[in-house]
Amino acid sequence: MSFPLLTVTAALPAIGAIATAAVPAGRRAAAKWLALLVSLGTLVLAALIAVRFDPGGDRYQLTESHAWIKDFGVRYELGVDGIGVALIALTALLIPFVILAGWHDADPQETQSKRWRPTQGFFALILSVEAMVILSFEATDVFLFYILFEAMLIPMYFLIGGFGDRAHAGSDENAAAQRSYAAVKFLLYNLVGGLIMLAAVIGLYVVAGNFSLTEIAEARANGTLDMSTDTERLLFLGFFFAFAVKAPLWPLHTWLPNAMGEATAPVAVLITAVVDKVGTFAMLRFCLGLFPGASEWATPVILVLALISIIYGALLAVGQRDIKRLVAYASISHFGFIIMGIFAMTSQGQSGATLYMVNHGISTAALMLVAGFLISRRGSRLIADYGGVQKVAPVLAGTFLIGGLATLSLPGLAPFVSEFLVLVGTFSRYPVIGIIATLGIVLAALYTLVLYQRTMTGPVKEEVRTLPDLRLRELVVVTPLIALLIFLGVYPKPLTEIVNPAVQHTMSDVQMKDPKPEVEAAK
């Protein structure tokens, strides 16, 4: 049996989470360093997956398959395609930066309510989320994926509710109540979506007789899968609803601003740059892979919802007074672009959507983490409490600007390539949707530049005169992210070479071909 690289890559952070939680209470520094070393080890394994993956080879590679629950046909079945490889690399890349950025976020601090923040638990929860997210990108058994899809809610609930932002306005009791509300809302929304998906998973087993993604796809290709049109559509809706909550797609998005606003900046990055990608990834792998006919049937409605997400999220970001909530609404707009690219049913759109998942993760991490460093210095999330920061902390302001410019998809930075491909792919099949979606770019420029202008330029406010610039640890967090944004903006080929073959397989699943361009014959 070949070396189980996929299992080991997910198992390392899971074991690391247990080991970190077991570190004695007085050894907080040891817990931090252990978590960081485990995350770096996971990054090395993720890089090994990328190196061993052959874009021109089989669709699913490095596969593993073992019997799990024989009576119900459940198997521990893993495999990665190009899309999974890209998202595993993104997850493994971001977690070390999340840990470094949150180095002091869970340090013991006595508050009015005499509560302490357990450092070991904070970093153990982050590693457990990493393990489950990576395994969900590897799972090719539908039931296994469902278990992971639901299980990752538990550590995220505690990270949001138990380790909230210290820059909350008001009393400790009010801050705790807001964190509790955000955590419960996050959990309930996603649990409802998961329960509906569970019903669809059971229905799929009744129809197909197993949970294997590859076997179901093969049965469909051979014409041996007996699934009526109505059944396929109902099952598709069950899966898609859960993924749309996780993504999040309008109108199922309202949990995200609360969760990101009340969480620490590193946990906010974990939510929107890592965990939420499971929803959009699953749309590609499971919705389009298992229910191609229903996906085509639902496309017009989904495109309209994605378009609403783009415009609605951007408009609300323009009007925000809270820095973190602004980034949250901007992310809702960006997820609208990703979902629009997926359901445009073109190779450009789906390639762009996959690249957007990766690039959005990097750009949002850069912007949110720098914003977190800024907020921790001033102790406020309100935009109005800042002004003239670039005069006292020029490096912080410069990195904030680059992160913001990446968010608005400036040419030369990584998100531009993905957003351009999404719009081209959408326009070639749905020109009206593509044209209206470009308004989101204009609004992105507005909320990003206004945010920068109000916080970084103008007269220096008295409260920010003594703000220190980025420290060494913070530079170690931000500099690689900025470098990646520039590198992938100039040279996206390493990603596109891995992703494009997987997109072609997805296009084959839904039996769609790119529309031919209408070229007027030369006279």
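Bear in mind the structure is a predicted one, so any value in this text is a computation, not a measurement.
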Roughly how far, to the nearest 0.5 Å, is the CD1 atom of Ile342 from the OG1 atom of Thr354? 7.0 Å
Report yes if the side chains of Asp276 and Thr280 come closer than 4.5 Å at any heavy-atom pair, otherwise no. no
Please work out whether the ring planes of Tyr329 and Tyr312 are parallel, tilted or perpendicular, with thresholds of 30° and 60°. perpendicular
Would you call Met357 and Leu284 a side-chain contact if the rule is heavy atoms closer than 4.5 Å? yes
Got a sec, which residues hit side-chain hydrogen bond (donor to acceptor under 3.5 Å, both in side chains) with Tyr452, two or more places apart in sequence or on another chain? Gln390
Roughly how far, to the nearest 0.5 Å, is the OG1 atom of Thr91 from the CG atom of Leu43? 11.0 Å
Heavy atoms only: give me the nearest Leu488-Ala414 pair and the separation to one decimal. CB-CB, 3.7 Å
Do the side chain of Gln120 and the main chain of Pro24 share a donor and acceptor less than 3.5 angstrom apart? yes
Heavy-atom donor-acceptor pair, Arg381 side chain to Lys324 backbone, under 3.5 Å: no
Taking the side chain as every heavy atom from C-beta outward, state whether Met340 and Ile433 have any pair of such atoms under 4.5 Å apart. yes
Could you tell me whether the side chain of Leu326 reaches within less than 4.5 Å of the side chain of Tyr447, counting heavy atoms only? yes
According to the interplanar angle, ranging from 0 to 90°, do the rings of Phe186 and Trp255 count as parallel (below 30°), tilted (30 to 60°) or perpendicular (above 60°)? perpendicular
So Ile441 and Leu423, do their side chains get closer than 4.5 Å, heavy atoms only? yes
Could you check if a side-chain atom of Thr42 sits within less than 4.5 angstrom of a side-chain atom of Ile95, using non-hydrogen atoms only? no
Check against salt bridge (Lys or Arg N to Asp or Glu O under 4.0 Å), Glu262 and Lys185: CA-CA 12 Å; Glu262 298 305 321; Lys185 189 174 184 179; over 6 Å; no
Is there a donor-acceptor pair closer than 3.5 Å between any side-chain N or O of Lys246 and the backbone N or O of Val278? no
Check whether any side-chain heavy atom of Val129 sits under 4.5 Å from a side-chain heavy atom of Leu270, and report yes or no. yes
Contact check, side chains of Leu90 and His360, non-hydrogen atoms, under 4.5 Å: no
Look only at the side chain of Thr272 and the backbone of Ala268, and say whether a donor-acceptor pair between them is shorter than 3.5 Å. no
If we ignore hydrogens and angles and just use 3.5 Å, is the side chain of Ser428 paired with the main-chain N or O of Gly425 as donor and acceptor? yes
Count the heavy atoms of every other residue, nucleotide or ligand shown that sit under 6.0 Å from CH2 of Trp33, and state whether that count exceeds 12. no
Donor-acceptor check, side chain of Thr399 to backbone of Leu396, threshold 3.5 angstrom: yes or no? yes
So that I know where these two stand, are Phe240 and Phe343 an aromatic pair - ring centroids less than 6.0 Å apart? yes
Quick check on Phe241: does its CZ atom have over 12 non-hydrogen neighbours (other residues, nucleotides or ligands) under 6.0 Å away? yes
side-chain contact (heavy atoms from CB on, under 4.5 Å), that's the test. Do Val274 and Met152 meet it? Break it down for me. CA-CA 11 Å; Val274 176; Met152 68 181 69; over 6 Å; no
Using modelled atom types only, decide if a donor and an acceptor are shared between the side chain of Arg378 and the backbone of Val464 within a distance under 3.5 Å. no
Under the 3.5 angstrom rule, does the side chain of Arg473 hit a backbone N or O of Leu100 as a donor-acceptor pair? yes
Classify the angle between the aromatic ring planes of His334 and Tyr356 as parallel (below 30°), tilted (30 to 60°) or perpendicular (above 60°). tilted
Can Ile339 and Trp250 be said to form a side-chain contact (heavy atoms from CB on, under 4.5 Å), step by step? CA-CA 11 Å; Ile339 295 170; Trp250 183 93; over 6 Å; no
